[in-house]
Amino acid sequence: MKKPFISEEKLREAIKIYPTPFHLYDEKGIIENLEKLHAAFAWNPGYREYFAVKATPNPYLVKLLTDRGCGVDCSSYTELMIAESLGLSGDKIMFSSNVTPAKDFIYANALNGIINFDDITHIDFAAKLFKLPKKMSCRFNPGGYFEIANQIMDNPGDAKYGFTKDQIIEGFEKLMKYGVEEFGIHAFLASNTKTNDYYPTLAAQLFELAVELKEKTGAKISFVNLSGGVGIPYKPEEKENDIMAIGEGVREAYERILVPAGMDDVAIYTELGRFMLAPYGALVTTAIHEKNTYKHYIGLDACAANLMRPAMYDAYHHITVMGKEDAPCDHVYNVTGGLCENNDQFAKDRSLPKIDIGDIVYIHDTGAHGYSMGYNYNGKLRSAEILYTKEENFKLIRRAETPADYFSTFDFSDDFKDLAKK
Ligand SMILES: *Cc1c(COP(=O)(O)O)cnc(C)c1O
């Protein structure tokens, strides 16, 4: 059974101060999970998690991680601004972008971040912008299908990312000519994986590539970046990944492939997003409408603008009706938002307890790829983000948008600038 990380009573305290909807984050859960991740990779002295900022680009939350040793994985100019605002630079920043504008490369380089190229043509492109730094990385895409034990996990051959095998060999040689001395390799081959074998299987592929690259080019490989992709159990019947087993599986591949090749000083990096924060965030909403037609609808004060995954991927997000955790799930509802878009439905034909207007409807696992994918369709405003601190207090970490924010891009306009003041 999936349980909220906060009691109904506590949540009602928060709602007195901050009206729904809002995203709520569990500081204690975030910190404990990070400690487990660090324990799982403690065998590797150079290990570092670079939190994928795009998952939850709130500097307060990113700081919880970077205060505890993490770096950041950025892929855009504004994500780099978050890194800079947290005082990060150098090896604490991984810049894993694609279709990269020149000004983004220039900014990443000015912060001395590690640039992870997505495409071979970016090498010459960047070398025209600045002298390439001593340490650089390339993103690998093996093509074909990514399989574990003959089971297809994902389809890298259909993905826009990364260098082919031939390109990464040529790319390393090119980078060495530009004076690059230390190399990383990176790959992200499957998303939201629910098996302890994803990282170990990926690691083995990248370790073999690292050995081959060292032999063919003489490059010094200083890190292997396993990127993101470790999943979480969105559905109550799904099993949680065991991060200790995952770390152990990567260690086993390291001992088997890298150590015999004399590469026992390679650092392991990760760029987890979902695994770091998704379970430790929830979208807190109120039921404001009920409608009976061909289906039984419950309308919330939140909509897909606050959480897009169900509309975009048909993703499952578990729902708890606060205070009715033990009531029988004897009603079948479609739980919707108010966008003029029929895909704005958080759940379809979901068995839930009877929902009354005013009930708090708690949508689980929104801590990553939740708020961050939000948008303003239908003029809907983005919600606040609140941290439930480890001392069990509530801290505003982003205020809700107001109409003035929505209209702020008319502040230049003589005709409509008054909208931007309302
Ligand atoms: C999105 C992304 C991640 C994080 O992915 P999760 O599925 O949230 O773990 C890491 N690295 C890169 C380059 C990404 O694009």
Side-chain angles (χ1 to χ4, degrees), residues 25 30 33-34 36-37 40-41 48-58 61-62 65-66 70-80 82-83 92-100 104-105 108 113-119 122 136-141 146 153-156 158-163 184-196 198-199 202-203 206 223-234 238 240-241 243 246-247 250 268-281 307-309 312-313 315 317 365-373:
Y25 300 90
I30 292 169
N33 184 58
L34 174 61
K36 271 190 250 165
L37 176 71
F41 286 94
R48 182 173 285 152
E49 153 68 6
Y50 290 84
F51 174 65
V53 172
K54 74 160 192 263
T56 321
N58 184 312
L61 296 171
V62 179
L65 303 172
T66 57
C70 293
V72 287
D73 158 34
C74 299
S75 62
S76 67
Y77 196 90
T78 45
E79 289 179 2
L80 287 167
I82 292 180
K92 284 287 175 88
I93 300 175
M94 185 68 61
F95 187 61
S96 292
S97 61
N98 67 96
V99 195
T100 313
D104 294 22
F105 275 135
I114 303 175
I115 294 173
N116 177 36
F117 287 120
D118 177 71
D119 181 35
H122 275 154
M136 303 208 82
S137 174
C138 295
R139 183 169 183 163
F140 176 56
N141 182 336
F146 183 77
M153 303 282 299
D154 218 318
N155 188 357
D158 207 28
K160 66 174 177 171
Y161 308 108
F163 293 51
I185 52 179
H186 168 285
F188 188 166
L189 303 185
S191 192
N192 193 26
T193 57
K194 274 152 256 178
T195 156
N196 295 334
Y198 170 62
Y199 261 4
L202 171 69
L206 293 182
F223 67 85
V224 168
N225 184 344
L226 302 175
S227 187
V230 176
I232 62 130
Y234 286 99
E238 283 169 350
E240 205 179 334
N241 285 319
I243 197 66
I246 291 173
V250 175
I268 302 298
Y269 293 165
T270 56
E271 292 173 342
L272 294 166
R274 192 186 315 273
F275 180 81
M276 301 308 292
L277 290 194
Y280 314 107
L307 176 68
M308 199 198 233
R309 297 185 72 258
M312 190 163 173
Y313 310 120
H317 277 266
D365 300 321
T366 70
H369 312 295
Y371 180 96
S372 62
M373 289 174 85

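As the structure lists them, so they are numbered: ligands from 1, and atoms in each ligand from 1. Atoms considered below: every heavy atom in the structure, side chains included; atoms not considered: hydrogens, waters and symmetry mates.
- Applying the side chain to side chain donor-acceptor pair (under 3.5 Å) criterion to N141, with sequence neighbours excluded, gives no partner residue.
- For the pair Y199 and L272, the minimum side-chain heavy-atom distance is below 4.5 Å.
- Here F188 and F146 keep their ring centres 6.0 angstrom or further from each other.
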Could you give the N/O to N/O pairs under 3.5 Å linking ligand 1 and the protein, each with its distance?
from	atom 1	to	atom 2	distance (Å)
ligand 1	8 (O)	R274	N	2.7
ligand 1	8 (O)	H369	NE2	2.7
ligand 1	9 (O)	G229	N	3.0
ligand 1	9 (O)	G273	N	3.1
ligand 1	11 (N)	D73	OD2	3.1
ligand 1	11 (N)	S227	OG	3.2
ligand 1	11 (N)	E271	OE1	2.8
ligand 1	15 (O)	K54	NZ	2.7

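- Taking N196 as the reference, N241, D242, A245, I246 meet the side-chain contact (heavy atoms from CB on, under 4.5 Å) condition, with sequence neighbours excluded.
- Residues H122 and F105 have side chains in contact (heavy-atom distance under 4.5 Å, counting atoms from C-beta outward).
- Take Y198 and apply the side chain to side chain donor-acceptor pair (under 3.5 Å) test, not counting sequence neighbours, and it matches no residue.
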